[in-house]
**Q** 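Structure incoming, see below.
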2 protein chains.
Amino acid sequence: MEYGLLLQNIAKHIQLSEEDKNYLLSLLQSKKLRRKSFLRQEGDITKAAVFVTSGLLRMYSIDKNGFEHILQFAPPGWWIGDIKSYITQQPGSLYIDALEDSEVLLLEKKHLDNLYEKVPAFERFFRILAENALATYQQRLIDNLSLPAIDRYNNFCRLYPSLIECLPQKQVAAYIGVTPEFLSKMLSQAPSSK
Amino acid sequence: MEYGLLLQNIAKHIQLSEEDKNYLLSLLQSKKLRRKSFLRQEGDITKAAVFVTSGLLRMYSIDKNGFEHILQFAPPGWWIGDIKSYITQQPGSLYIDALEDSEVLLLEKKHLDNLYEKVPAFERFFRILAENALATYQQRLIDNLSLPAIDRYNNFCRLYPSLIECLPQKQVAAYIGVTPEFLSKMLSQAPSSK
DNA sequence: CGGCGCCAATAATGTAGGTTAAGGGGTAGG
DNA sequence: CCTACCCCTTAACCTACATTATTGGCGCCG
């Protein structure tokens with residue numbers, strides 16, 4: 001179990017006493033995921049916030065033709081989750097699985113709600129987290145609406161230089177919103193600035 | 001000036017004392033906007049959170065071919081803003097203007113930061129606001145990646161039944177991500193369930 | 001060694017949606 | 001009543017990307 005990464009992540013935005021830290025850690029569960037195993041599937045209710053400590057996860061939806069559309073990758077140090085299902089506590093439509101053997105920390109909603117009461121600083125931490133994620137999704141929506149595929153690809157390379165090296169093209173294609181075939185064709189035509 | 005709507009909006013998520021309410025109200029500025037006038041333009045820094053009390057605003061980007069892509073409409077009772085610019089306090093790329101004569105309340109970042117210190121319940125309020133907005137953007141991104149235009153249109157109708165009545169088709173097209181011509185063609189072909 | 005399955009890449013064809021341009025119907029202003 | 005403008009519609013053509021089929025490389029197993 002690796003708590004250092006999480007505490008580091010939190011310390012960027014709020015200060016915690018030792019007591020608060022210990023209380024937080026007492027609420028966490030650790031979970032190992034083998035490559036290709038699921039953390040959640042369509043229809044599940046999101047009962048916990050998820051923080052990745054090692055490996056690589058992805059969150060995606062599957063459309064009615066069976067195609068995957070990736071909303072987010074989560075390397076170590078990232079949070080991931082179907083937030084709509086978490087908020088409403090209703091079944092959600094998203095899938096989360098591991099692209100590599102991974103390890104995550106789970107913070108259950110009921111525990112997080114207690115945590116908010118006892119350590120209000122966490123309200124701020126998760127507010128900031130949500131605001132940042134919101135900014136990211138706003139930007140990505142703009143990109144999807146207004147940029148051609150090659151620009152979306154280049155943006156992805158710029159934002160996630162470490163991911164582009166370890167991901168198969170197929171996964172990148174499912175993120176930027178094109179077919180693997182088209183991405184291949186596009187890259188062979190444009191040597192790009194990479 | 002209309003504060004009732006704002007207080008109502010806040011009361012859905014947190015409870016405030018009379019004192020807190022008065023403090024909040026003391027921080028607000030009211031602003032009137034004529035139809036077609038701008039609340040912000042590309043390059044501006046977002047200095048305040050914006051709550052709409054009357055009228056109708058829209059937030060959009062303009063791509064390099066000059067086309068508008070609408071990220072959000074904001075009827076009365078909604079918040080709106082370029083959150084990336086707000087967080088980073090750097091110039092942003094989005095435009096916000098009024099589709100009708102409107103009135104908004106402004107809460108400046110410096111005041112909001114004070115408010116967080118003095119009334120921590122607002123951390124919770126804006127956390128919940130950001131989480132809900134995040135869920136909305138996540139869903140919209142899924143829709144844009146995985147649904148054809150007609151389904152995106154029907155989702156829009158289902159989510160914003162009051163807007164569909166008062167918006168010109170052109171604006172709806174810029175929201176769901178098609179040309180006005182294509183939307184028109186699509187609607188004449190599919191009588192839809194509306 | 002030879003066959004099989006799985007991926008990544010290529011090639012040929014199909015289609016959703018964009019572009020351009022022209023026209024018509026409502027309505028506000030003179 | 002005329003004109004002007006806005007908004008919507010229609011239709012022909014075009015382009016970006018999808019779909020399907022095919023190919024070649026590579027590890028696995030007999």
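All values below were derived from every heavy atom in this structure, side-chain atoms included, with hydrogens, water molecules and symmetry-related copies excluded. Throughout, protein chains are lettered first and strands after them, A, B, ... in sequence-line order, and every chain is numbered starting at 1.
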**Q** B:Lys185 has an atom NZ; how far is it from atom P of C:dT20, in whole Å?
**A**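 Taking NZ of B:Lys185 and P of C:dT20, I get 14 Å after rounding.
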**Q** With hydrophobic residues grouped by side-chain heavy-atom distances under 4.5 Å, do B:Ile142 and A:Phe38 end up in a single group?
**A**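 No: no chain of side-chain contacts under 4.5 Å links B:Ile142 to A:Phe38.
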**Q** Check the phosphate of C:dT10 against A:Ser184, side-chain N and O only, distance under 4.0 Å to OP1 or OP2. Yes or no?
**A**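 The answer is yes; a side-chain N or O of A:Ser184 sits under 4.0 Å from OP1 or OP2.
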**Q** How about B:Phe122 and B:Tyr116: are their ring centres within less than 6.0 Å of each other?
**A**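 No: the rings miss the under 6.0 Å criterion.
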**Q** Tell me which of B:Phe182 and A:Ala149 sits closer to the 5' end of DNA chain D, going by the nucleotide each one is nearest to.
**A**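 Its nearest nucleotide lies further toward 5', so the answer is B:Phe182.
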**Q** Heavy atoms from C-beta onward define the side chain here; which of D:dA18, C:dT19, C:dC7 lies closest to that of B:Phe67?
**A**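 Closest nucleotide to the B:Phe67 side chain: C:dT19.
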**Q** Can you spot which of B:Arg35, B:Lys32, B:Arg34 makes a side chain to side chain donor-acceptor pair (under 3.5 Å) with B:Asp101?
**A**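 Single pass found, and it is B:Arg34.
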**Q** Please pick, from D:dT19, D:dC8, C:dG17, the nucleotide with the shortest atom-to-atom distance to any side-chain atom of B:Lys170.
**A**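 That would be D:dC8.
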**Q** Compute both the distance and the angle, then confirm whether B:Lys109 meets the cation-pi test with B:Tyr86: under 6.0 Å from the six-membered ring centre, within 45 degrees of the axis.
**A**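 Yes, a cation-pi geometry holds between B:Lys109 and B:Tyr86.
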**Q** Using a cut-off of less than 4.0 Å, is there contact between a side-chain N or O of A:Thr179 and OP1 or OP2 of D:dA18?
**A**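 Yes, because at least one side-chain N or O of A:Thr179 sits under 4.0 Å from OP1 or OP2 of D:dA18.
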**Q** Both conditions, 6.0 Å and 45 degrees, for the charged tip of A:Arg140 above the ring of A:Phe156: are they met here?
**A**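 So A:Arg140 doesn't make the cation-pi contact.
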**Q** Measure CZ/B:Arg35 against C1'/D:dC6 and give the value in whole Å, please.
**A**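 Distance check: B:Arg35 CZ to D:dC6 C1' gives 10 Å.
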**Q** Rounded to whole Å, please give me the gap between CG in A:Asp63 and C1' in D:dA18.
**A**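 From A:Asp63 CG to D:dA18 C1': 12 Å.
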**Q** For A:Ile176 and D:dA16, what is the distance between atoms CD1 and C1' respectively, to the nearest whole Å?
**A**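 These atoms are roughly 13 Å apart.
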**Q** Give the rounded distance in Å between these two atoms: CG of B:Leu187 and P of C:dG17.
**A**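 Answer to the nearest Å: 13 Å.
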**Q** Under 4.0 Å, heavy atoms only, any strand: does A:Pro180 hit a base, just the sugar-phosphate, or nothing?
**A**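 Contact class for A:Pro180: none.
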**Q** Check the distance between D:dC7's C1' and B:Leu183's CG and give it to me in whole angstrom.
**A**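 The answer, rounded to whole Å, is 13 Å.
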**Q** Which nucleotide in the set D:dC8, D:dC17, C:dT19 lies at the smallest distance from any side-chain heavy atom of B:Gln169?
**A**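 Given the options D:dC8, D:dC17, C:dT19, the side chain of B:Gln169 is closest to D:dC8.
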**Q** Without decimals, in angstroms, what is the distance between A:Met186 CE and C:dT10 C1'?
**A**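 Distance, rounded to whole Å: 16 Å.
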**Q** So B:Glu181, base contact, sugar-phosphate only, or nothing? Heavy-atom distance under 4.0 Å.
**A**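 Counting heavy atoms under 4.0 Å across all strands, the contact made by B:Glu181 includes a base.
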